[in-house]
Enquirer: 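Let me begin by handing over the structure; questions about it come next.
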Amino acid sequence: MLVLNIIFTLYIFIIVLIHQIGFLINIKVNKKQYMFILIYFGIAYAFLASQIKPPPLWDLFHHYNEIDRMRSGGINYALTQGRYKELFIINFIYYVVSLFDYNNLLVFITILIEYMIFTYITCDLKEKFDRERNTIAFSINFFLFFALVNIVLSISGIRNVFAFSIASLAVYMDLFKQRKGILKFLLYILPIFIHPSTIIVLIARIFVLTPKMYKLAPLLIIWGMFANYISKLLESSSIGALKTAGYLLKLYGEISYITDNRVVIVNVIFVSIIMITCFYILKKKHLNYTNGQLRYITFIIIYLFVALGSLQNVLIFNRMLYGLAFLILPLIHIILQSLSTKIRTLFVIICIVFSTGMIMYQGLELFYAITYYN
């Protein structure tokens with residue numbers, strides 16, 4: 001085990017270094033090579049993350065306890081008394097993990113799936129945008145992903161990031177790639193039964209249906225003022241997932257005070273910059289954007305309106321950044337393609353400063369949590 005940990009750690013450091021060098025020089029790697037680099041990176045990261053012993057305050061500690069209860073109570077407990085019995089997807093995953101005497105398998109599976117989704121979107125974009133001036137976009141996306149997805153909470157609160165990764169894949173296939181078929185609809189619905197917070201993605205998607213709906217989108221910025229009424233309405237529902245969503249909405253509002261305000265301020269500034277850039281792109285009529293790209297940018301603007309509207313419930317705002325970590329992947333390519341050289345350079349610097357600061361902060365947070373409780 002120790003040998004594997006060392007090998008995987010060295011591999012991660014090498015891949016991080018390669019992406020850092022990618023800011024300075026054009027590293028020519030084809031789609032297939034890059035796909036294998038990211039797949040192995042995902043396996044290494046998931047394996048190392050699964051070795052972490054969660055502190056008592058982490059959600060993961062309680063997830064492991066739930067798996068232990070399933071292991072003792074069996075399928076009957078999972079279906080009738082399980083903590084997430086209303087959320088059948090995550091409940092099923094917990095039950096499968098309980099069949100093995102290794103709770104850490106939960107972290108390995110969920111994080112591996114998240115990084116496979118990241119790999120799929122990134123490599124698909126490499127085929128579309130693999131030009132010299134956009135090479136830097138892959139390095140930006142790599143580090144922005146870690147900055148936004150939150151290293152600590154992606155391991156501790158696994159359900160959120162896992163659910164948003166699948167919902168974001170639905171948006172990518174639906175709007176950006178303009179895919180037809182039932183799969184994209186399933187990818188919108190199934191994550192709700194992992195974590196109900198992904199209902200936000202469906203709401204934002206509805207506002208992209210018609211131009212009239214899009215014009216109403218700015219009103220979403222005040223939705224947080226009605227959060228208490230919305231939570232009561234959802235809790236009164238007979239549908240388990242909606243009832244859970246209402247409970248979580250109320251809960252997040254009650255415990256938002258524990259969030260570090262410095263992180264919130266930095267995230268709000270970055271989100272605002274992304275929104276301004278999106279509006280700027282939409283006004284550049286002379287650029288030949290596809291219909292899918294325009295609808296995708298419109299969706300992100302609406303999604304960020306909802307995010308900014310949730311600042312009264314800061315934990316919801318932070319969790320919406322998990323979705324942005326995946327949603328931003330195609331957007332970075334479009335932005336770098338659209339901006340002038342000077343503005344593009346400024347935007348790249350902002351992304352580097354933001355991702356460096358957030359990753360360092362999260363790294364210290366992870367180190368403190370592990371060393372303090374162990």
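Just so it is clear, the values below take in all heavy atoms, side chains as well, and ignore hydrogens, waters and symmetry mates. The structure presented is a predicted model; accordingly, all values stated were derived computationally and were not measured.
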Enquirer: Considering non-hydrogen atoms only, spot the tightest contact between S154 and V149 and give its length.
Expert: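 Heavy atoms of S154 and V149 come nearest at CB-O, 4.0 Å.
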
Enquirer: Out of curiosity, does I301 fall in the hydrophobic cluster containing L294 (side-chain heavy atoms, cut-off under 4.5 Å, transitive links)?
Expert: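 Linked within one cluster.
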
Enquirer: How far does CZ of F108 sit from CD1 of I113, to the nearest 0.5 angstrom?
Expert: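 Interatomic distance, F108 CZ to I113 CD1, rounded to 0.5 Å: 10.0 Å.
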
Enquirer: Assess K177 against Y172: is NZ or CZ under 6.0 Å from the centre of the six-membered ring, and within 45 degrees of the ring's axis?
Expert: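 Judged by the rule, K177 and Y172 form no cation-pi pair.
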
Enquirer: Indicate yes or no for a side-chain donor-acceptor contact from T290 to the backbone of Q293 under 3.5 Å, with no hydrogens or angles considered.
Expert: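 Yes, because the side chain of T290 sits within donor-acceptor range (under 3.5 Å) of the backbone of Q293.
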
Enquirer: Just by distance, do the side chain of Y303 and the backbone of M320 share a donor-acceptor pair under 3.5 Å?
Expert: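 Confirmed, Y303 side chain pairs with M320 backbone.
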
Enquirer: Would a single hydrophobic cluster contain both Y64 and F61, if residues Ile, Leu, Val, Met, Phe, Trp and Tyr are joined by side-chain heavy-atom contacts under 4.5 Å?
Expert: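 F61 does not cluster with Y64.
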
Enquirer: How about F326 and F164: are their ring centres within less than 6.0 Å of each other?
Expert: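 Centroid distance F326-F164: not below 6.0 Å, so no.
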
Enquirer: Side-chain heavy atoms nearer than 4.5 Å, only ILVMFWY residues, links allowed to pass through others: does that put I52 and I7 together?
Expert: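 No; I7 is not reachable from I52 via cluster members.
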
Enquirer: Answer yes or no: is there a side-chain heavy-atom contact under 4.5 Å between N91 and M70?
Expert: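 Yes, close enough: below the 4.5 Å cut-off.
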
Enquirer: Which donor-acceptor pairs under 3.5 Å do side chains of residues 11-23 form with protein atoms, sequence neighbours excluded?
Expert:
| unit_1 | atom_1 | unit_2 | atom_2 | d |
| --- | --- | --- | --- | --- |
| Y11 | OH | I37 | O | 2.8 |
| H19 | ND1 | I15 | O | 2.9 |
| H19 | NE2 | Y34 | OH | 2.8 |

Enquirer: How long is the straight-line distance from CG of N104 back to NZ of K53, given to the nearest 0.5 Å?
Expert: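 Rounded to the nearest 0.5 Å, the NZ-CG separation comes out at 11.0 Å.
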
Enquirer: Evaluate the criterion side-chain contact (heavy atoms from CB on, under 4.5 Å) for residue pair T119 and M35; output intermediate values, then yes/no.
Expert: CA-CA 6 Å; T119 299; M35 180 181 69; 4.1 Å; yes

Enquirer: Quick one: do S272 and V268 satisfy side-chain contact (heavy atoms from CB on, under 4.5 Å)? Show the steps, please.
Expert: CA-CA 6 Å; S272 300; V268 168; 4.1 Å; yes

Enquirer: Would you give the length of the straight line joining atom CD1 of I300 to atom CG of L331, rounded to the nearest 0.5 angstrom?
Expert: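 I300 CD1 to L331 CG: 4.5 Å, rounded to 0.5 Å.
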
Enquirer: Tell me if the aromatic rings of F41 and F142 count as close, with their centers under 6.0 Å from one another.
Expert: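 Here the rings of F142 and F41 have centres that are less than 6.0 Å from each other.
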
Enquirer: To the nearest 0.5 Å, how far apart are CG in L327 and OH in Y322?
Expert: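 Reported to 0.5 Å precision, the distance equals 14.5 Å.
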
Enquirer: Any side-chain heavy-atom pair from T298 and I302 closer than 4.5 angstrom?
Expert: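 The answer is yes, as the side chains (C-beta and beyond) meet within the 4.5 Å cut-off.
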
Enquirer: If two hydrophobic side chains count as joined below 4.5 Å and joins carry through other members, does V171 share a cluster with F185?
Expert: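 In one cluster: no.
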
Enquirer: At their closest point, which heavy atom of I90 faces which heavy atom of R159, and how far apart are they?
Expert: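 Closest heavy-atom pair between I90 and R159: CG1-CD, 3.7 Å.
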
Enquirer: Kindly give the heavy-atom pair with the smallest separation between K180 and K184, and that separation in Å.
Expert: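 Closest approach of K180 to K184: CA-NZ, 4.3 Å.
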
Enquirer: Can E66 and Y77 be counted as having a side-chain donor-acceptor contact under 3.5 angstrom?
Expert: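 Side-chain D/A pair, E66 to Y77: present.
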
Enquirer: Kindly indicate whether the side chain of H333, heavy atoms from C-beta on, has any atom under 4.5 Å from the side chain of N141.
Expert: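 In short, these two side chains touch, coming nearer than 4.5 Å.
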
Enquirer: Between K342 and L346, is any pair of side-chain heavy atoms under 4.5 Å apart?
Expert: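 When only atoms from C-beta onward are counted, L346 and K342 do not touch, as no gap falls below 4.5 Å.
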
Enquirer: Compare all side-chain heavy atoms of M358 with those of V263 and state whether any distance is below 4.5 angstrom.
Expert: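 Side-chain contact under 4.5 Å: yes.
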
Enquirer: Would the distance check show the side chain of S156 and the main-chain N or O of L153 forming a donor-acceptor pair, the cut-off being under 3.5 Å?
Expert: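 Between the backbone of L153 and the side chain of S156 there is no qualifying donor-acceptor contact (under 3.5 Å).
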
Enquirer: Any side-chain heavy atom of V266 within less than 4.5 Å of one from Y361?
Expert: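 A side-chain contact is absent here, since even the closest heavy-atom pair is not under 4.5 Å.
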
Enquirer: Report whether I203 and L324 are members of the same hydrophobic cluster (ILVMFWY, side-chain heavy atoms less than 4.5 Å apart, transitive linking).
Expert: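 Hydrophobic grouping puts I203 with L324.
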
Enquirer: Could you check F8, Y115, Y40 and say which one makes a ring-ring contact (aromatic ring centres under 6.0 Å, His included) with Y45?
Expert: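 Running ring-ring contact (aromatic ring centres under 6.0 Å, His included) over F8, Y115, Y40 with Y45 returns exactly one hit, Y115.
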
Enquirer: Determine whether the aromatic ring centres of residues Y94 and H63 are separated by less than 6.0 angstrom.
Expert: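 Yes - the distance between ring centres of H63 and Y94 falls below the 6.0 Å cut-off.
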
Enquirer: Applying side-chain contact (heavy atoms from CB on, under 4.5 Å) to L175 and R205, what does each step give before you reach the verdict?
Expert: CA-CA 9 Å; L175 297 179; R205 176 64 181 90; 3.6 Å; yes

Enquirer: Can you check side-chain contact (heavy atoms from CB on, under 4.5 Å) on L308 and F317, steps first, answer last?
Expert: CA-CA 7 Å; L308 292 175; F317 173 77; 4.2 Å; yes

Enquirer: Scan I332, I359, L329 and name whichever one has a side chain to side chain contact (heavy atoms under 4.5 Å, CB included) with L144.
Expert: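 Passing option: I332.
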
Enquirer: Given R71 and N103, is the side chain to side chain donor-acceptor pair (under 3.5 Å) satisfied, shown in steps?
Expert: CA-CA 10 Å; R71 190 173 289 118; N103 290 350; 2.7 Å; yes

Enquirer: If you round to the nearest 0.5 Å, how far is NZ of K283 from OG of S338?
Expert: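 It comes to 15.0 Å.
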
Enquirer: Looking at every heavy atom in both V152 and W58, which two are closest together, and how far apart are they?
Expert: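 V152 and W58 have their closest heavy atoms at CG1-CZ2, 3.7 Å.
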
Enquirer: Which pairs with one or both residues in residues 304-315 pass salt bridge (charged side-chain N to carboxylate O under 4.0 Å, His left out), sequence neighbours excluded?
Expert: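 For residues 304-315, and leaving out neighbouring residues, there are no salt bridge (charged side-chain N to carboxylate O under 4.0 Å, His left out) pairs at all.
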
Enquirer: Within the 4.5 Å heavy-atom criterion, are I111 and F162 side-chain neighbours or not?
Expert: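 Counting from C-beta outward, I111 and F162 never come under 4.5 Å.
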
Enquirer: Can you see which heavy atom on A167 is nearest to which on P191, and at what distance?
Expert: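 Closest pair (atom of A167, atom of P191, distance): N-CG, 3.7 Å.
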
Enquirer: Before giving the answer on side chain to side chain donor-acceptor pair (under 3.5 Å), spell out for N160 and S197 the whole-Å C-alpha distance, their side-chain angles and the decisive distance to 0.1 Å.
Expert: CA-CA 8 Å; N160 256 287; S197 59; 3.3 Å; yes

Enquirer: Could you check whether any side-chain heavy atom of F143 comes within less than 4.5 Å of a side-chain heavy atom of T356, counting everything from C-beta outward?
Expert: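 No, too far: nothing below the 4.5 Å cut-off.
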
Enquirer: Going from CD1 on I274 to CZ on F354, what distance comes out if it is rounded to the nearest 0.5 angstrom?
Expert: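 It comes to 8.5 Å.
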
Enquirer: Has Q362 got a side-chain atom pairing as donor or acceptor with I151's backbone, closer than 3.5 angstrom?
Expert: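 Present.
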
Enquirer: Which ILVMFWY residues can you reach from I276 by hopping between side chains whose heavy atoms are under 4.5 Å apart?
Expert: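 Under the 4.5 Å side-chain rule, I276 groups with nothing.
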
Enquirer: Which heavy atom of S168 sits nearest a heavy atom of G323, and at what distance?
Expert: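 That closest heavy-atom pairing would be OG-O, 3.3 Å.
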
Enquirer: Should the pair R179-D174 be classified as a salt bridge under the 4.0 Å nitrogen-to-oxygen rule?
Expert: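 Looking at D174 together with R179, the answer is no, because their closest N to O distance does not fall below 4.0 Å.
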
Enquirer: Just by distance, no angles: are the side chains of N150 and R319 close enough, under 3.5 Å, to form a donor-acceptor pair?
Expert: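 Looking only at side-chain atoms, R319 and N150 do not form any donor-acceptor pair under 3.5 Å.
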
